[in-house]
Undergrad: 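Below you'll find the structure I mean.
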Amino acid sequence: MRQEIEMVFGRRFWLSVAIMLICFSGYAALEWIAVGNWPVEVRPSSLQQTIGGIFFGGVMLLMPLCASLSSGLLQVEELQCAFVDLRIIKSSVHKYIVQKFTASFLCGATSVGLAFSIHAIIWNIVATPCNPIVNSYTAIPFANNCIYYSWEAFCYGLPIYLWMLLWISFCGGMWSFVGITAAMYIPDKIIAIAVPFCIYYLWHCGFPQALLNLKWFPHPADLYNDALTWDVVGISLMVYALLGLTCLALYSIRIQRRYKHEK
């Protein structure tokens, strides 16, 4: 496991963190420049600047790509040089799958979560803290049934930061599963990072809803979106659990067939 973690947390990991940080901060930086001449008390708060890039920037679409960047490309390289076979011979198929999925989840979750944390810290230093009790202008108009509604005035919105950090990281880890699964079937570096992005985009555009003829289907970013309710949390978790189990099943089937063929 230690070797797997050391390999996946390499230069590509830091590249994915940098890309995610740019995505988070790009929208916020441009908005901050645009309001540079405004009085400090009416500028966007630190919370508004932190989550603005999530809702209106490119974070939602690029997150699955960045989450699978390191682990997906590493999986391709292991398959192309047959290193996977050597590792399985030294241990077992089951142990390899457990190590691969654990390291992949940690890498995908940390790459997204670390970028979000740095982004949040920067804007809490630069911008005015969110305190709608003292300054109503810093309040974000969440819907009354949104779980963020009652958290905004508590400790400068700290519960919102922690919630978003948790579930953005979780989603990053889940999308890394898609990357290594795609790489297992088609060992190509572009495929390994493009498939998670394409699946996310189809889900984002409502393809599952149309395919299943449903009136409503959760958005892939619903676990940390601004319209979040407890009902949405439960349904989104079930969908992500299904996504993760599907990846695990497909990955296991493919690697077991490959190993039997090699033997």
Undergrad: Please check if Ile121 and Val17 belong to a single hydrophobic cluster, counting links between Ile, Leu, Val, Met, Phe, Trp and Tyr side chain heavy atoms closer than 4.5 Å.
TA: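 No; Val17 is not reachable from Ile121 via cluster members.
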Undergrad: Tell me, do Met164 and Ile160 make a side-chain contact under 4.5 Å, heavy atoms counted?
TA: yes
Undergrad: Taking the six-membered ring for Trp, are Phe170 and Trp167 ring centroids under 6.0 Å apart?
TA: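 Close enough - the centres of the two rings lie under 6.0 Å apart.
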Undergrad: CD/Glu77 to CG/Leu74 distance, rounded to the nearest 0.5 angstrom?
TA: 6.0 Å
Undergrad: With a 6.0 Å cut-off (strictly less than), is the heavy-atom count around CD1 of Ile190, excluding the residue itself, greater than 12?
TA: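 At most 12 heavy atoms, drawn from other residues, nucleotides or ligands, come within 6.0 Å of this atom.
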Undergrad: Do Ile255 and Leu245 belong to the same hydrophobic cluster, where Ile, Leu, Val, Met, Phe, Trp and Tyr are linked whenever their side-chain heavy atoms lie under 4.5 Å apart, directly or via other members?
TA: no
Undergrad: Search all heavy atoms of Pro218 against all heavy atoms of Trp203 and return the closest pair with its distance.
TA: O-NE1, 2.6 Å
Undergrad: Checking the side chain of Gln75 only, and the main-chain atoms of Gly179 only, is there a donor and an acceptor separated by less than 3.5 Å?
TA: no
Undergrad: Would a distance-only check, ignoring hydrogens and angles, find a side-chain to backbone donor-acceptor pair under 3.5 Å from Gln209 to Gly206?
TA: no
Undergrad: Working to the nearest 0.5 Å, report the span between CE of Met20 and CD1 of Ile168.
TA: 7.0 Å
Undergrad: Give the cluster check for Leu250 versus Leu202: same hydrophobic cluster or not, with ILVMFWY residues linked at side-chain heavy-atom distances below 4.5 Å.
TA: no
Undergrad: So do Ser46 and Tyr161 actually touch side chain to side chain, heavy atoms under 4.5 Å?
TA: yes
Undergrad: Do Tyr201 and Phe207 come close enough that some side-chain heavy atom pair is under 4.5 Å?
TA: no
Undergrad: Enter the distance from Asn124:CG to His119:NE2 here, rounded to the nearest 0.5 Å.
TA: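 Answer rounded to 0.5 Å: 9.5 Å.
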Undergrad: Heavy-atom distance under 4.5 Å between the side chains of Ile147 and Trp230, does that happen here?
TA: yes
Undergrad: Side chains of Tyr185 and Val195: closer than 4.5 Å at any heavy-atom pair?
TA: no
Undergrad: What distance do Thr110 atom OG1 and Phe105 atom CZ have between them, rounded to the nearest 0.5 Å?
TA: 9.0 Å
Undergrad: Measure the spacing between OH of Tyr200 and OG of Ser68 and express it to the nearest 0.5 Å.
TA: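 So the gap between those two atoms works out to 12.5 Å.
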Undergrad: Assess whether side chain to side chain contact (heavy atoms under 4.5 Å, CB included) is satisfied between Trp175 and Val112, documenting all intermediate values.
TA: CA-CA 11 Å; Trp175 284 110; Val112 179; over 6 Å; no
Undergrad: State whether the side chain of Thr102 and the backbone N or O of Gln99 hold a donor-acceptor pair below 3.5 Å, judged by distance alone.
TA: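 Side chain of Thr102 to backbone of Gln99, a donor-acceptor pair under 3.5 Å: no, none is there.
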Undergrad: Trp163 vs Val233, test: side chain to side chain contact (heavy atoms under 4.5 Å, CB included). Steps then yes/no.
TA: CA-CA 12 Å; Trp163 178 278; Val233 171; 3.8 Å; yes
Undergrad: Kindly compute the distance separating CD1 (Ile186) from CG (Leu79), expressed to the nearest 0.5 Å.
TA: 12.0 Å
Undergrad: Can you give me the closest heavy-atom contact between Gln49 and Ala127, atom names plus distance?
TA: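 That would be CG-CB, 4.5 Å.
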Undergrad: Minimum heavy-atom separation for Phe197 and Pro64, please, with both atom names.
TA: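 Reported closest heavy-atom pair: CA-CG, 4.2 Å.
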Undergrad: Please report the shortest heavy-atom distance between Gly113 and Leu165, naming the atom on each side.
TA: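 Looks like O-CD1, 3.4 Å.
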Undergrad: May I have the step-by-step check of side chain to side chain contact (heavy atoms under 4.5 Å, CB included) for Phe217 and Leu211, ending in yes or no?
TA: CA-CA 11 Å; Phe217 194 81; Leu211 181 65; over 6 Å; no
Undergrad: Can you see which heavy atom on Ser71 is nearest to which on Ala67, and at what distance?
TA: OG-O, 4.1 Å
Undergrad: Do Trp123 and Ser45 come within less than 4.5 Å of each other through their side chains, counting heavy atoms only?
TA: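 Of all side-chain heavy-atom pairs linking Ser45 with Trp123, none is under 4.5 Å.
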Undergrad: Using every non-hydrogen atom in the two residues, find where Cys66 and Ser16 come nearest and quote the distance to one decimal.
TA: O-CB, 3.3 Å
Undergrad: Counting distance only, does the side-chain N/O of Asp222 pair as donor-acceptor with the main-chain N or O of His219 below 3.5 Å?
TA: yes
Undergrad: Measuring only between side-chain heavy atoms, which start at C-beta, is Phe116 closer than 4.5 Å to Ile54?
TA: yes
Undergrad: Return the orientation label for the Tyr251 and Tyr96 ring planes: parallel under 30°, perpendicular over 60°, tilted otherwise.
TA: parallel
Undergrad: If you group Ile, Leu, Val, Met, Phe, Trp and Tyr by side-chain heavy-atom gaps below 4.5 Å, do Ile253 and Ile191 land in one group?
TA: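 Same hydrophobic cluster.
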Undergrad: Same cluster or not: Leu106 versus Met7, using hydrophobic residues (I, L, V, M, F, W, Y) connected whenever any side-chain heavy atoms lie under 4.5 Å apart?
TA: yes
Undergrad: Yes or no on side chain to side chain contact (heavy atoms under 4.5 Å, CB included) for Phe177 and Ser104, after CA distance, side-chain angles and deciding distance?
TA: CA-CA 7 Å; Phe177 292 165; Ser104 178; 4.3 Å; yes
Undergrad: Whether the side chain of Ser111 engages the backbone of Gly108 through a donor-acceptor N/O pair (distance < 3.5 Å, no angle test) should be reported.
TA: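 Such a contact is found between Ser111 side chain and Gly108 backbone.
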